[in-house]
Amino acid sequence: AMAVPGAPPDWLAARLPTLAPHVWLAEAADGEAETRGIAAEMTQKLKAAYAQIRVGNPLDESTLMGPLIDPGSVDAMRNALQRIRTEGGEILFGGQELNAQELGECYVQPVLVKAQAGMPILKEEVFAPILYLVDFDSLEQVIQWHNDVPQGLSSAMFTTNMNSAE
């Protein structure tokens, strides 16, 4: 998903945890470095939204996120978080394994990661609740990055700016 200047931050922060594995955050409108765009505000709003995600029994209507599929998936997430750090990413929120005695196995806290576009892990599917936040300066740049993956990923752009949307 691409969040460009004009994107509604509150609406996005409430929905992105269930929408996309990558969020490209605009840093400057129309390639101009006049402001730092929406990245800082969106990051703060996403942290607040992630802190509200209820992890638990998927049969409970108040649960937003259930367990990972099996212990191997938990290991894959743990390994991905280590790779993220090694590749220069920063864990902004989450990543902890939750109390197995209370919830059962395979429950983890979803993760927000500050990433850079060149990180190899961005081109891999971890199958874990990891949301990568990547800053960009121009729409052309982020579309190029977004299309430079081997998987056929779906995409979305969020903005109220019709010039960006076209």
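On a predicted model such as this, the values are computed, not experimentally measured, just so you know. Values below: every heavy atom of this structure, side chains too, minus hydrogens, waters and symmetry copies.
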Say you draw a straight line from CE of M65 to OH of Y50; how long is it, rounded to the nearest 0.5 Å?
9.0 Å
Starting from the C-alpha separation in whole Å, work towards a yes-or-no answer on side chain to side chain contact (heavy atoms under 4.5 Å, CB included) for W145 and L122.
CA-CA 10 Å; W145 293 341; L122 291 178; over 6 Å; no
Would you call K114 and T43 a side-chain contact if the rule is heavy atoms closer than 4.5 Å?
no
Membership question, hydrophobic clusters at under 4.5 Å side-chain separation (ILVMFWY): are L64 and L103 in the same one?
yes
Distance from C106 atom SG to I69 atom CD1, nearest 0.5 Å?
8.5 Å
Is the shortest side-chain heavy-atom distance between R78 and E97 below 4.5 Å?
yes
Hey, does the side chain of E87 reach the backbone of I121 with a donor-acceptor pair shorter than 3.5 angstrom?
yes
Looking at side-chain heavy atoms only, is the closest gap between D60 and R54 below 4.5 Å?
yes
Flag the pair L68 / P129 as yes when at least one side-chain heavy-atom distance between them is below 4.5 Å, and no otherwise.
yes
Identify the two heavy atoms, one from G66 and one from Y107, that lie closest to each other, and give their separation to 0.1 Å.
C-CE2, 3.9 Å
Quick one: does V111's side chain get under 4.5 Å of M77's, heavy atoms only?
yes
Has E105 got more than 12 heavy atoms of other residues, nucleotides or ligands less than 6.0 Å from its CD?
no
Are any non-hydrogen side-chain atoms of I84 and I130 less than 4.5 angstrom apart?
yes
Do the side chains of Q109 and V55 get nearer than 4.5 Å, heavy atoms only?
no
Any donor and acceptor pair, going by atom type alone, linking the side chain of T63 with main-chain N or O of N57 inside 3.5 Å?
yes
For a 4.5 angstrom cut-off between non-hydrogen side-chain atoms, does I53 reach F93?
no
Same cluster or not: I91 versus L46, using hydrophobic residues (I, L, V, M, F, W, Y) connected whenever any side-chain heavy atoms lie under 4.5 Å apart?
yes
Quick check: does any side chain N or O of E125 sit under 3.5 Å from a backbone N or O of F127, one acting as donor and the other as acceptor?
yes
State the CG-NZ distance between L112 and K47, to the nearest 0.5 angstrom.
8.0 Å
